[in-house]
Amino acid sequence: MPGLLITLEGPEGAGKSTQLELLRERLADRAVEVYREPGSTRLGDRVRELLLNGEAMNPEAEMFLFMGARAELIGERILPALDRGAIVLLDRYHDSTLAYQGARGARTFWPESFPRPALTVLLRADPRLGLRRQRLAGKAPDRIESEPDDFHRRVAAEYDRLAAAEPERFLVVDADQPAEAVAERIWERVSRLLPVAAR
Ligand code: T5A
């Protein structure tokens with residue numbers, strides 16, 4: 001596959017959307033497609049509503065709903081974009097399921113049909129920092145953000161475990177620093193993945 005899949009992960013409000021926009025700006029002269037999860041397809045948007053604003057559900061039902069929305073996004077958007085040679089930037093991907101639904105006790109796994117990212121940036125932050133940033137930005141907490149601190153701590157621990165298990169795929173960046181400093185760390189790594197002429 002000629003394209004490049006780069007994903008951003010981290011706890012609530014760690015700055016993924018902010019960093020995605022800064023990265024998109026740096027890559028402005030290249031074919032870039034940006035998606036977020038859950039969502040970015042008609043089915044994904046409907047499932048997002050159920051997942052973030054619906055009722056409590058069984059952890060494995062939750063996992064498969066996230067994965068179903070992801071399968072649609074992969075088939076409809078991500079694989080075609082990678083085939084065209086695009087750089088695909090993704091705000092959350094399967095590591096979110098491994099971390100969040102893993103923290104709920106679901107038996108998580110990585111399906112063979114889900115492409116592995118060339119790079120996964122983990123914005124590492126105390127989950128309370130992100131939740132505070134979201135409150136300051138006036139964002140009302142959704143069903144998952146409203147979980148107790150202990151759940152968010154388990155999610156953060158799952159992320160640390162995932163990053164330690166695959167140090168080549170993950171770039172771990174401390175999110176508790178100015179957005180420009182975070183962006184610089186990410187760019188250092190992303191620019192090395194690009195063909196020489198594009199750096
Ligand atoms: N989920 C998702 C699962 O449980 N399983 C899954 O498989 C998937 C895919 C998604 C929810 O679903 C869960 C995880 C989530 O709970 P969402 O609404 O998409 O929900 O929420 P998030 O992905 O958490 O996205 P947010 O937009 O809330 O957070 P971001 O993108 O991490 O943060 P961002 O960039 O919006 O920044 C938040 C605020 O902080 C400021 C920004 O200006 C903004 O106000 N900020 C900074 N402030 C100071 N210093 C910095 N370095 C800053 N960077 C950003």
Side-chain angles (χ1 to χ4, degrees), residues 7-25 34-41 43-54 56-74 77-78 89-111 114 117 120-149 151-159 162 173-187:
T7 60
L8 268 90
E9 294 283 354
E12 312 296 332
K16 297 175 298 298
S17 318
T18 303
Q19 291 305 323
L20 221 80
E21 271 315 304
L22 293 172
L23 190 52
R24 188 215 288 259
E25 282 168 23
V34 179
Y35 302 109
R36 71 157 181 186
E37 283 210 35
S40 301
T41 64
L43 177 69
D45 286 338
R46 294 179 71 179
V47 175
R48 180 182 176 90
E49 186 55 30
L50 261 179
L51 282 164
L52 300 191
N53 299 319
M57 60 184 85
N58 170 286
E60 290 199 0
E62 187 177 271
M63 172 179 83
F64 284 117
L65 281 174
F66 275 114
M67 289 171 68
R70 180 164 307 126
E72 179 83 355
L73 177 62
I74 289 170
R77 307 245 187 267
I78 297 179
L89 304 180
L90 200 43
D91 191 341
R92 294 197 182 277
Y93 183 53
H94 195 56
D95 292 294
S96 285
T97 296
L98 302 182
Y100 280 78
Q101 282 61 58
R104 288 215 200 276
R107 282 164 295 175
T108 58
F109 59 99
W110 193 299
F114 287 9
T120 297
V121 177
L122 171 58
L123 296 178
R124 191 171 189 280
D126 180 329
R128 282 171 307 184
L129 170 89
L131 290 166
R132 201 165 52 239
R133 279 181 185 167
Q134 286 175 334
R135 267 198 306 278
L136 284 173
K139 185 183 179 200
D142 61 39
R143 186 176 66 86
I144 296 178
E145 285 157 2
S146 308
E147 291 286 345
D149 283 359
F151 171 73
H152 292 290
R153 273 196 295 274
R154 288 204 306 278
V155 170
E158 286 293 324
Y159 271 128
L162 293 167
V173 182
D174 174 12
D176 187 11
Q177 50 181 332
E180 296 69 29
V182 176
E184 201 48 49
R185 283 277 289 121
I186 296 174
W187 182 245

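On a predicted model such as this, the values are computed, not experimentally measured, just so you know. In listed order, ligands and their atoms are each counted from 1.
Closest protein heavy atom to atom 5 (N) of ligand 1: Q101 OE1, 2.9 Å. Among protein heavy atoms, atom 50 (N) of ligand 1 sits closest to R133 NH2, 3.2 Å. Looking from atom 23 (O) of ligand 1 to the surrounding protein, the closest heavy atom is R92 NE, 2.6 Å. For atom 45 (O) of ligand 1, the nearest non-hydrogen atom of the protein is A137 CB, 3.4 Å. Looking only at protein heavy atoms, the nearest one to atom 25 (O) of ligand 1 is K16 NZ, 4.0 Å. Of all protein heavy atoms, the one closest to atom 27 (O) of ligand 1 is S17 OG, 3.5 Å. Remark: minimum distance from atom 16 (O) of ligand 1 to any protein heavy atom is reached at E12 OE2, 2.7 Å. Scanning all protein heavy atoms for the shortest distance to atom 2 (C) of ligand 1 gives F66 CE2, 3.4 Å.
At under 3.5 Å, not a single nitrogen or oxygen of Y93, backbone or side chain, sits near a nitrogen or oxygen of ligand 1. Annotation: R70 places an N or O atom under 3.5 Å from an N or O atom of ligand 1; distance criterion only. Residue G15 has at least one N or O atom closer than 3.5 Å to an N or O atom of ligand 1. At least one N or O atom of A179 sits closer than 3.5 Å to an N or O atom of ligand 1.
Of all non-hydrogen atoms in L131 and E145, the two that sit nearest each other are CD2-O, 4.0 Å. Residue L123 comes nearest to P11 through the heavy atom pair O-CD, 3.3 Å, listed as atom of the first residue, atom of the second, then distance.
One finds a salt bridge joining E21 and R24 here, because a Lys/Arg side-chain nitrogen approaches an Asp/Glu carboxylate oxygen to under 4.0 Å. Using a 4.0 Å cut-off between charged side-chain N and carboxylate O, E62 and R143 make a salt bridge.
Residue contacts with ligand 1: H94 is excluded, as none of its non-hydrogen atoms falls under 4.0 Å. Heavy atoms of L52 approach ligand 1 to within less than 4.0 angstrom. Residue contact check for ligand 1: G10 places no non-hydrogen atom closer than 4.0 Å to it.
Q19 places a side-chain N or O within 3.5 Å of a backbone atom of A183 that can act as its donor or acceptor partner. Of the possible donor and acceptor atoms, one in the side chain of R133 sits under 3.5 Å from a partner among the backbone N and O of A14. Between the side chain of E60 and the backbone N or O of R107, at least one donor-acceptor pair lies under 3.5 Å.
One finds the OG1 atom of T120 at 9.5 Å from the CG atom of L162 (value rounded to the nearest 0.5 Å). Atoms CH2 and OG1, from W110 and T97 in turn, are 9.0 Å apart once rounded to the nearest 0.5 Å.
For the residue pair Y159 and S96, a side-chain donor N or O sits within less than 3.5 Å of a side-chain acceptor on the partner.
Partner of E37 under the salt bridge (charged side-chain N to carboxylate O under 4.0 Å, His left out) criterion, out of K16, R77, R48, R70: R70 alone.
Of all the heavy atoms of K139, the ones lying under 4.0 Å from any atom of ligand 1 belong exclusively to the side chain. Both the backbone and the side chain of T18 come within 4.0 Å of ligand 1, judged by heavy-atom distances. Residue Q134 touches ligand 1 through its side chain alone, judged by heavy-atom distances below 4.0 Å.
Considering each of R36, Q177, E147, R48, the one bringing a non-hydrogen atom nearest atom 17 (P) of ligand 1 is R48.
Taking a cut-off of under 4.0 Å to the non-hydrogen atoms of P178, the atoms of ligand 1 that pass are 52 (N). Near A14, with a cut-off below 4.0 Å to any heavy atom, the atoms of ligand 1 are 32 (O).
Under the 30°/60° scheme for interplanar angles, the aromatic rings of F64 and F109 are found to be tilted.
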